[in-house]
Amino acid sequence: MRRIIRKGKMSEIVTPTPAALAKAALLLQQGKLVAMPTETVYGLAADATNDHAVAAIYAAKGRPSFNPLIIHGYDFAQLAAHVQMDNRAEELAAHFWPGPLTLILPRHNNSRISLLASAGLPSLAVRIPQHKVALDLLRMVQTPLAAPSANPSGYLSPTTAQHVAQSLGDKVALILASGKSSIGVESTVLDLTQQQVRILRPGAITAEMLAAIIGQVDTIKEADKITSQITSPGQMSSHYAPNKPLRLNAQSPNSNEVWLTFGPSLEATHLYQLSLSDSGDLTEAAANLFVHLHTAEQMNVAGIAVMPIPETGLGIAINDRLKRAAADKN
Ligand code: TXA
Ligand code: MG
């Protein structure tokens, strides 16, 4: 199983004061990597127009270069300079930006975004994060920022600055800390490059919320995920993997497992328990998901058992991440 080996100089975790933001902006302009908080998960940011800086993201994450990155901007006009916005994109942006929705759109031929960031695809993934620190930083730097989740490729996404420091601490120049990510799962990724609108990755903006604005929205099916790995490699089934086996829909824990509960737990005496939400609240469970999986990795247990999570609303995104985390990597 994967182990993160810590070596080299650890980066600084800083409170995002105006001075710290100015320092972060300068580092980004110099082509360095900065970890920034967003409402979904922490991002590993670099100047999206700088090929070397974007290459450094792939190197730091150990990410396959065919897996494209999300480009973050501070307003619609800034991003519209790089992608062809259509009516659907305009309406969705008006409703959900800033927020946890990433739109895949055709890239403008004259866009200065590094071709490496979009892995050579004719499309670009864009979003405006709903987090004051990220927005302040984006405004200060002015250039769009490429920012995948700030974790080594194939590892759990980070929802605290400490998670970033633990796994990428020696690879980032600065970590801007702003507590725990409020949403806790990555943005919804929506493919708008075709007539048929498809969700490539479920998130806090659900199919129902999207359909209420633009009508029919499809969710990419398991079978399609295998054939679409080239155009959306993030669909790889074992993308999010903790360092011990994960058992889904577990009605009760084994003695050597940590028990991730949802709603009232019936096994009050089990030694290792982490509650996703005592009250059975999906929003609370999403915010706790990666935190608890990180904690479970550190615990002296053989595996992780998770209670069933309802397949509605944010539960769809939670189950998507859990299924990927449980996928057999061989
Ligand atoms: O919430 C989020 O989206 C976080 C925060 C930091 O903003 N970022 C994030 O980035 O999750 P990352 O790189 O871990 O996930 C990006 C996803 C991947 O599944 C990738 O394959 C997909 O978006 N993607 C990016 N560009 C694409 C494109 N042009 N076509 C299809 N899929 C694309
Ligand atoms: Mg990721």
Side-chain angles (χ1 to χ4, degrees), residues 33-46 48 54 57-58 60-73 82-84 96-107 111 113-131 133-135 137-138 144-159 163-164 167-168 176 178 181-194 198-205 220 224-225 228-241 286 290 317 320-321 324-325:
L33 304 184
V34 169
M36 67 173 181
T38 83
E39 79 280 32
T40 56
V41 300
Y42 276 69
L44 180 64
V54 172
I57 290 182
Y58 285 96
K61 284 183 63 91
R63 178 164 170 137
S65 57
F66 55 78
N67 192 358
L69 310 175
I70 296 175
I71 308 305
H72 296 65
H82 299 283
V83 289
Q84 263 165 264
F96 300 115
W97 278 357
L101 176 65
T102 294
L103 301 178
I104 314 284
L105 290 158
R107 174 193 176 109
S111 166
I113 302 288
S114 164
L115 289 168
L116 189 55
S118 52
L121 294 173
S123 57
L124 266 186
V126 291
R127 90 172 185 104
I128 303 176
Q130 188 175 35
H131 194 291
V133 175
L135 289 171
L137 183 63
L138 282 158
L145 297 176
S149 49
N151 54 285
S153 186
Y155 191 69
L156 290 167
S157 288
T159 50
H163 291 162
V164 182
S167 64
L168 289 178
L176 294 169
S178 184
S181 307
S182 60
I183 293 178
V185 291
E186 303 87 341
S187 61
T188 304
V189 176
L190 191 69
D191 183 357
L192 289 180
T193 59
Q194 296 163 36
R198 294 182 315 165
I199 294 180
L200 302 183
R201 180 176 75 181
I205 308 294
I220 190 164
D224 297 340
K225 287 185 182 177
S228 69
Q229 277 182 11
I230 307 296
T231 51
S232 188
Q235 300 297 321
M236 287 181 289
S237 60
S238 69
H239 192 67
Y240 306 86
F290 287 126
D320 170 77
R321 305 310 189 273
R324 296 192 208 195

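If you're wondering where the values come from, they're calculated on a predicted model, not measured in any experiment. Note: hydrogens, waters and symmetry copies are ignored here, and every other heavy atom, side chains too, is used. Whatever order the structure lists ligands and atoms in, that order sets their numbers, starting from 1.
The contact set between ligand 1 and G43, taken as ligand atoms under 4.0 Å from a residue heavy atom, comprises 6 (C). Residue S149 approaches ligand 1 through these ligand atoms, each under 4.0 Å from one of its heavy atoms: 8 (N), 9 (C), 10 (O), 12 (P), 14 (O). In the vicinity of I104, heavy-atom distances shorter than 4.0 Å reach the ligand 1 atoms 27 (C), 28 (C), 29 (N), 30 (N), 31 (C), 32 (N), 33 (C). The contact set between ligand 1 and T40, taken as ligand atoms under 4.0 Å from a residue heavy atom, comprises 1 (O), 2 (C), 4 (C), 5 (C). Contact atoms of ligand 1 toward A125: 25 (C), 26 (N), 27 (C) (distance under 4.0 Å to a heavy atom of the residue). Below 4.0 Å from some heavy atom of L121 lie the following atoms of ligand 1, by number and element: 28 (C), 29 (N), 30 (N). Under a 4.0 Å criterion applied to the non-hydrogen atoms of P148, ligand 1 contributes the atoms 10 (O), 12 (P), 13 (O). Close contacts between ligand 1 and S187 involve ligand atoms 1 (O), 2 (C), 3 (O) [criterion: under 4.0 Å to a heavy atom].
Within the 4.0 Å heavy-atom shell around ligand 1 one finds H72. The closest approach between any non-hydrogen atom of P129 and ligand 1 is not below 4.0 Å. Not close to ligand 1: S118, with no non-hydrogen atom less than 4.0 angstrom away.
Backbone and side-chain nitrogen or oxygen atoms of Y42 are examined, and none is located within less than 3.5 angstrom of a nitrogen or oxygen of ligand 1. Considering both main-chain and side-chain atoms, R63 comes within under 3.5 Å of ligand 1 through a nitrogen or oxygen pair. Geometrically, ligand 1 and N67 share a nitrogen or oxygen pair separated by less than 3.5 Å. The shortest N/O to N/O separation between T38 and ligand 1 does not fall below 3.5 Å.
Side-chain atoms of E186 and S149 include no donor-acceptor pair closer than 3.5 Å. Of the N and O atoms on the side chains of R127 and T38, at least one donor lies less than 3.5 Å from an acceptor on the other residue. Using a 3.5 Å distance cut-off with no hydrogens or angles, the side chains of T102 and R201 do not pair a donor with an acceptor.
Between V83 and S123 there is no side-chain heavy-atom pair separated by less than 4.5 Å. Annotation: side chain of F290 is in contact with side chain of R321 (closest heavy-atom distance under 4.5 Å). Side-chain contact check for S153 versus P64: some heavy-atom pair is nearer than 4.5 Å. The closest side-chain heavy-atom distance from L103 to L101 is below 4.5 Å. In this structure, I70 and S187 have side chains that are in contact, with non-hydrogen atoms separated by less than 4.5 Å. Between V54 and L69 the shortest side-chain heavy-atom distance falls below 4.5 Å.
Residue A147 holds the heavy atom nearest to atom 8 (N) of ligand 1 of all those in A147, P100, A117.
Proximity of D191 to ligand 1, defined as any heavy-atom pair under 4.0 Å, is not found for any part of the residue. Proximity of P68 to ligand 1, defined as any heavy-atom pair under 4.0 Å, is shared by backbone and side chain alike. Contact annotation: for E39 versus ligand 1, there are no heavy atoms closer than 4.0 Å.
For the atom pair CG of L176 and CE of M36, the computed distance is 9.0 Å after rounding to the nearest 0.5 Å. Distance check, rounded to the nearest 0.5 Å: OG of S178 to NE2 of H131 gives 3.5 Å.
Considering L121, I71, L124 as possible partners of R107, the one that fulfils the side chain to side chain contact (heavy atoms under 4.5 Å, CB included) test is L124.
Checking S149 against the Mg ion (ligand 2), an N/O/S atom falls under the 2.8 Å cut-off.
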